[in-house]
Amino acid sequence: MVAPAVAPADADALPGGFPGKRVRLAVDRPMRLDSGVEIGGFQIAYQTYGTLNADRSNAILICHALTGDHFVVETHPVTGKPGWWEMLVGPGRPVDTDRYFVICSNVLGGCLGSTGPKDVDPATGQPYGLSFPVVTIGDMVRAQKLLVEHLGIEKLFCVVGGSMGGMQVLQWAVAYPESVFAAVPIATAARHSAQNIAFHEVGRQAIMADPSWRGGNYLLEGTRPEAGLAVARMAAHITYLSEAALHRKFGRNLQDRKAVTYGFDADFQVESYLRYQGAAFVERFDANSYLYITRAMDYFDLAADAGGSLANAFRPGGTTTPVRFCLASFSSDWLFPTAESRAIVHALNAVAANVSFVEIETDKGHDAFLLDEPEFHQVIHGFLEGCAEHRGLSVRRRAR
Amino acid sequence: MPDIRDDLKLIAEMVEPNSRVLDVGCGDGALLDHLAHAKNVDGRGIELSMDGVRQCVAHGLSVIQGDAETDLKDYPAEAFDYVILGQTLQAMRRPRDVLEMMCRIGRRAIVSVPNFGYWRVRMQLMLTGRMPVTEKLGYQWWETPNIHFCTLRDFVVLTEEMGLTIEQTHIIDRAGRVTSRAHSGFANLLGEQGVFLLRRNR
């Protein structure tokens, strides 16, 4: 395990034996959210890997997806599973922690250490619940910017993320073009599509229809809307896969039985699998956080914020964005299909920005960005190497 | 430095150092890589094949997967100093439109084309009565991606019609020898391919 480079006084280990660090941000001056609400002194939980170099030019920020967190590489403290991007990040991996200082933080509104709806509102002494302000992708990135400044980093070498993490990457490049050298938005879109908003609404309605949700006050009332959150997860999980992947994994195979039971048990393996996914998810995720974070994705629309033209978003002050982009999409991803990435590429071309774009051939659907896809990993590795050369980062790897 | 194709070497020599280059149909990125290292060029590429794109990006080149005939229109005028099209014009559905777009988004265009007026090609058609298959153009008629062949003279006539100025011409013969007398009938007979540096008339 690589040693964390920065160990400020406030970087205590998280309660419950969670690895990682936490910091209170916007203490002196509250942060203004897109909704107009101001929020001050919120906590951000984060993790770092590798060592920040002397001129602080080798920092890579990783942005996690909807139900992700900052445990990128290490065993997850709740589920006991390997880090969610262990394939991509680590010593000798494409995002090489021997060369780069890697940061990942839990998003504002999340439920694994950063301030969110399950935390206690200091004003009332009770959990926020639905009184937590609605946050946007822009707000999450604002909070990350404060964290990066807190770590003394003026310019990130790269921001990388998939799905909702990719939205944050785009937001970083548009909001802080001078603070980002390179950007890698993966399996993402410049705006959330109507179909995706619709799926999110199904999930939210499932949660809110659970009697244990109690209008969002379940923490106060000592209940847990597990059934609703599990259904939300099951519906969402289908969108992360592909028909081909589901068929390959399960087909019409029966679960521990030789014939159908003429009932509503989980006869099929795919049913059993989804039930398991739902049940496992409620162990680690807060239902209200799920409402807030899905909402943040729904509201994301980069072009709308730039006067209706996506190209304009990449032309700050009338000049072409200095950020170098590498986009990747996956051929069987129907949640964030290749056309969404291509629309971003076309907008970047329209301002003659520096952009690479690859569609990876796979049947694994949206989830492919988290899985073993060697061609995808080669692309990320090559792009970062090229950028490191341009940024003047040493190409020699530290001996291990 | 890996060896690059004859026409690519010629193209590379035409490019000024430190310029901005778009290589259309950049393949595995050999030319872009050469230009980046030999001439410190800010290079970009468009490539149709996913394999080519992956190889390029994995080598640190800025390349997008795309189709020249649909994706060139996005770029602003004069976004590049040079837009390069190596041995691909004859595979385009609308080569004239592609040439037009190249000369819009680039201050100059560099195009290399195989010569269908090359004497061996002419002889094959005349003597065997069958569509020519040569070393450089090794496809049968029913499988060839090359759907719009021209002779060097045809190409020159098109540039005149389009109001383009040919600033440089290099004709490569079978032995890889280069001459620059493009407009002679001999060049059109002996040249296996031509490389042209173009710009729009001011």
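- With sequence neighbours excluded, the residues satisfying side chain to side chain contact (heavy atoms under 4.5 Å, CB included) with A:D55 are A:N53, A:S57.
- Among the candidates B:D42, B:L22, B:I64, B:L61, the residue making the largest number of heavy-atom pairs closer than 4.5 Å to chain A is B:I64.
- The number of heavy-atom neighbours closer than 6.0 Å to CZ of A:R191, taken from other residues, nucleotides and ligands shown, is 12 or below.
- For the set A:P94, A:A328, A:C326, A:G382, the count of heavy-atom pairs under 4.5 angstrom toward chain B peaks at A:G382.
- By the 6.0 Å contact criterion, CE on B:M123 is open, its count of non-hydrogen atoms from other residues, nucleotides or ligands being 12 or less.
- Interface remark: of the candidates A:I360, A:V358, A:N354, A:N354 forms the most heavy-atom pairs closer than 4.5 Å to chain B.
- Both the backbone and the side chain of B:V57 have a heavy atom closer than 4.5 Å to some heavy atom of chain A.
- Residues of residues 329-349 of chain A lying under 4.5 angstrom from chain B, judged on non-hydrogen atoms, are A:R342, A:V345, A:H346, A:N349 in numerical order.
- For the set A:C387, A:A311, A:G386, A:A352, the entry with the most heavy-atom pairs within less than 4.5 Å of chain B is A:A352.
- Inspection of non-hydrogen atoms places B:D71, B:D74, B:Y75, B:P76, B:A79 of residues 69-92 of chain B under 4.5 Å from chain A.
- Neither the backbone nor the side chain of B:I46 comes within contact range of chain A, judged by heavy atoms closer than 4.5 Å.
- In the displayed structure, B:E167 atom CD is contacted under 6.0 Å by more than 12 heavy atoms of other residues, nucleotides or ligands.
- Put simply, the side chain of B:S62 never gets that close to the backbone of A:S356: no donor and acceptor are under 3.5 Å apart.
- The stretch residues 96-108 of chain B places none of its residues near chain A, where near means some heavy atom under 4.5 Å from a heavy atom of that chain.
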Passes side chain to side chain contact (heavy atoms under 4.5 Å, CB included), B:R54 versus A:E375? Steps please.
CA-CA 7 Å; B:R54 270 194 298 273; A:E375 287 179 335; 3.3 Å; yes

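- Under a cut-off of 6.0 angstrom, the local environment of CZ in A:R248 is crowded, with over 12 non-hydrogen atoms contributed by other residues, nucleotides or ligands.
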